[in-house]
Engineer: 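Provided herewith is a single structure, encoded as structure tokens, for subsequent inquiry.
Atoms within a ligand are numbered from 1 in the order they appear, just like the ligands themselves.
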Amino acid sequence: MTRIILIGYMGAGKTTLGRALADELGLTFIDLDHFIEERFHKSIRDIFAEQGESEFRRIEQRMLHEVAEFEDVVISTGGGTPCFFDNIDYMNQMGTTVYLNVPVERLFIRLSIARKQRPLIKDKNDAELHNFIEEQLALREPYYKKAHHTFTADKLEDKTQISASVETFRRQFDL
Ligand code: S3P
């Protein structure tokens with residue numbers, strides 16, 4: 001039974017790499033944010049706006065406990081998932097966790113074009129976004145680094161790079 005759980009900051013490529021990897025390995029791909037949105041018939045952005053972050057974190061933990069029971073899956077989590085409750089220890093027990101490590105400058109480039117649907121950064125200008133990534137990543141890295149493995153996911157900018165990263169991932173983890 002294979003259960004790979006990808007963790008890392010917003011824009012690290014958890015969904016992009018996770019989907020491509022699952023396809024390549026013939027596994028089911030589960031995106032935790034998407035799973036939450038389907039279950040609640042609401043966007044993450046609306047859950048944050050209507051119920052607040054604390055309630056989102058409770059929902060996120062509950063849904064994590066559902067998806068982490070699935071077998072033969074690649075699961076991509078939200079950027080904050082490992083940093084609340086005992087989620088990272090739980091994920092480490094349930095599957096093989098991999099931290100997608102990406103330098104701040106690359107995260108900034110990716111997130112500056114994809115910030116609108118992300119409630120934590122949607123209202124920030126470029127300078128604020130850059131500072132926020134730097135500061136929040138420093139706070140979150142101790143959790144991310146508890147993952148079983150780390151993978152450098154700085155090259156996921158087009159199809160060719162994604163395929164090459166999937167190959168590197170497979171080789172690195174013998175999949
Ligand atoms: C969050 C990241 C988002 C989503 C929510 C909160 C975070 O997921 O779960 O907006 O706290 O970093 P992505 O990492 O997929 O953007």
Side-chain angles (χ1 to χ4, degrees), residues 4-22 28-68 70 73-91 95 97-124 126 128-147 150-154 156-157 162 165 169:
I4 298 166
I5 306 176
L6 302 180
I7 70 169
Y9 200 68
M10 290 180 275
K14 303 177 294 287
T15 305
T16 303
L17 184 70
R19 183 175 289 121
L21 185 67
T28 303
F29 174 65
I30 307 278
D31 178 77
L32 180 59
D33 279 339
H34 187 243
F35 189 82
I36 295 169
E37 291 182 329
E38 292 282 298
R39 175 66 61 87
F40 288 81
H41 301 283
K42 231 177 227 189
S43 66
I44 300 295
R45 194 179 157 157
D46 285 349
I47 298 175
F48 260 74
E50 292 166 22
Q51 287 157 272
E53 180 171 354
S54 314
E55 183 53 25
F56 171 75
R57 296 303 172 190
R58 280 190 285 273
I59 292 170
E60 182 182 47
Q61 184 188 31
R62 231 167 47 232
M63 297 299 104
L64 173 66
H65 281 241
E66 282 195 29
V67 302
F70 298 162
V73 281
V74 177
I75 300 168
S76 74
T77 57
T81 314
C83 315
F84 290 84
F85 312 110
D86 64 347
N87 290 348
I88 184 60
D89 298 324
Y90 172 74
M91 290 189 277
T97 52
V98 181
Y99 166 36
L100 301 191
N101 186 16
V102 176
V104 171
E105 294 315 316
R106 176 54 55 192
L107 292 173
F108 172 71
I109 292 167
R110 291 182 188 166
L111 290 173
S112 55
I113 50 172
R115 76 187 96 179
K116 288 299 161 211
Q117 71 275 24
R118 290 181 161 100
L120 294 174
I121 56 172
K122 67 182 173 48
D123 298 320
K124 300 196 186 307
D126 281 356
E128 290 165 342
L129 177 64
H130 197 279
N131 282 344
F132 183 79
I133 296 170
E134 247 171 7
E135 286 174 17
Q136 201 181 36
L137 189 60
L139 294 173
R140 287 181 168 187
E141 266 203 316
Y143 298 93
Y144 296 155
K145 286 183 170 163
K146 287 179 94 178
T150 296
F151 180 77
T152 303
D154 58 345
L156 293 170
E157 317 319 308
I162 294 168
S165 290
F169 191 101

Engineer: Does ligand 1 have a heavy atom under 4.0 Å from the side chain of Lys14, from its backbone, from both, or from neither?
Structural biologist: side chain
Engineer: Consider every N or O of Thr15 and every N or O of ligand 1, then say whether any pair is closer than 3.5 Å.
Structural biologist: no
Engineer: Between Gly79 and ligand 1, is there a nitrogen or oxygen pair with a distance under 3.5 Å?
Structural biologist: yes
Engineer: With a sphere of 6.0 Å drawn around OH of Tyr143, does it hold more than 12 non-hydrogen atoms of other residues, nucleotides or ligands?
Structural biologist: no
Engineer: List in chain and number order the residues that pass side chain to side chain contact (heavy atoms under 4.5 Å, CB included) with Gln117, two or more places apart in sequence or in another chain; answer none if no residue qualifies.
Structural biologist: Ala114
Engineer: Say you draw a straight line from OG1 of Thr28 to CZ of Phe70; how long is it, rounded to the nearest 0.5 Å?
Structural biologist: 9.5 Å
Engineer: Taking only heavy atoms of Asp33 into account, list the atoms of ligand 1 that are under 4.0 Å away from them.
Structural biologist: 3 (C), 4 (C), 8 (O), 9 (O), 13 (P), 15 (O)
Engineer: Run the numbers for me: atoms of ligand 1, each under 4.0 Å from some heavy atom of Ile44, listed by number.
Structural biologist: 5 (C), 10 (O)
Engineer: For a side chain to side chain contact (heavy atoms under 4.5 Å, CB included) with Met91, tell me which candidate from Ile7, Leu6, Asp86 qualifies.
Structural biologist: Ile7
Engineer: Within the 4.0 Å heavy-atom shell around Gly78, which atoms of ligand 1 are there?
Structural biologist: 8 (O), 9 (O), 14 (O)
Engineer: Which ligand 1 atoms, with their elements, are less than 4.0 angstrom from a heavy-atom of Pro119?
Structural biologist: 10 (O)
Engineer: Counting both backbone and side chain atoms, is some N or O of Thr77 under 3.5 Å from an N or O of ligand 1?
Structural biologist: no
Engineer: Does atom CZ of Arg57 have more than 12 heavy-atom neighbours from other groups under 6.0 Å away?
Structural biologist: yes
Engineer: Among all protein heavy atoms, pick out the one at the shortest distance from atom 6 (C) of ligand 1; state its residue, atom name and that distance to 0.1 Å.
Structural biologist: Arg57 NH2, 3.9 Å
Engineer: Among Arg118, Gln136, Arg140, whose heavy atom sits nearest atom 12 (O) of ligand 1?
Structural biologist: Arg140
Engineer: Relative to the heavy atoms of Phe56, which atoms of ligand 1 are at a distance of less than 4.0 Å?
Structural biologist: 9 (O)
Engineer: Can you list everything that forms a ring-ring contact (aromatic ring centres under 6.0 Å, His included) with His65? Sequence neighbours excluded, please.
Structural biologist: Tyr90
Engineer: Charged N to carboxylate O below 4.0 Å: is that the case for Asp31 and Lys14?
Structural biologist: no
Engineer: State whether Arg115 and Asp126 are salt-bridged, where the test is any N-O pair (Lys NZ or Arg NE/NH1/NH2 against Asp/Glu carboxylate O) under 4.0 Å.
Structural biologist: yes
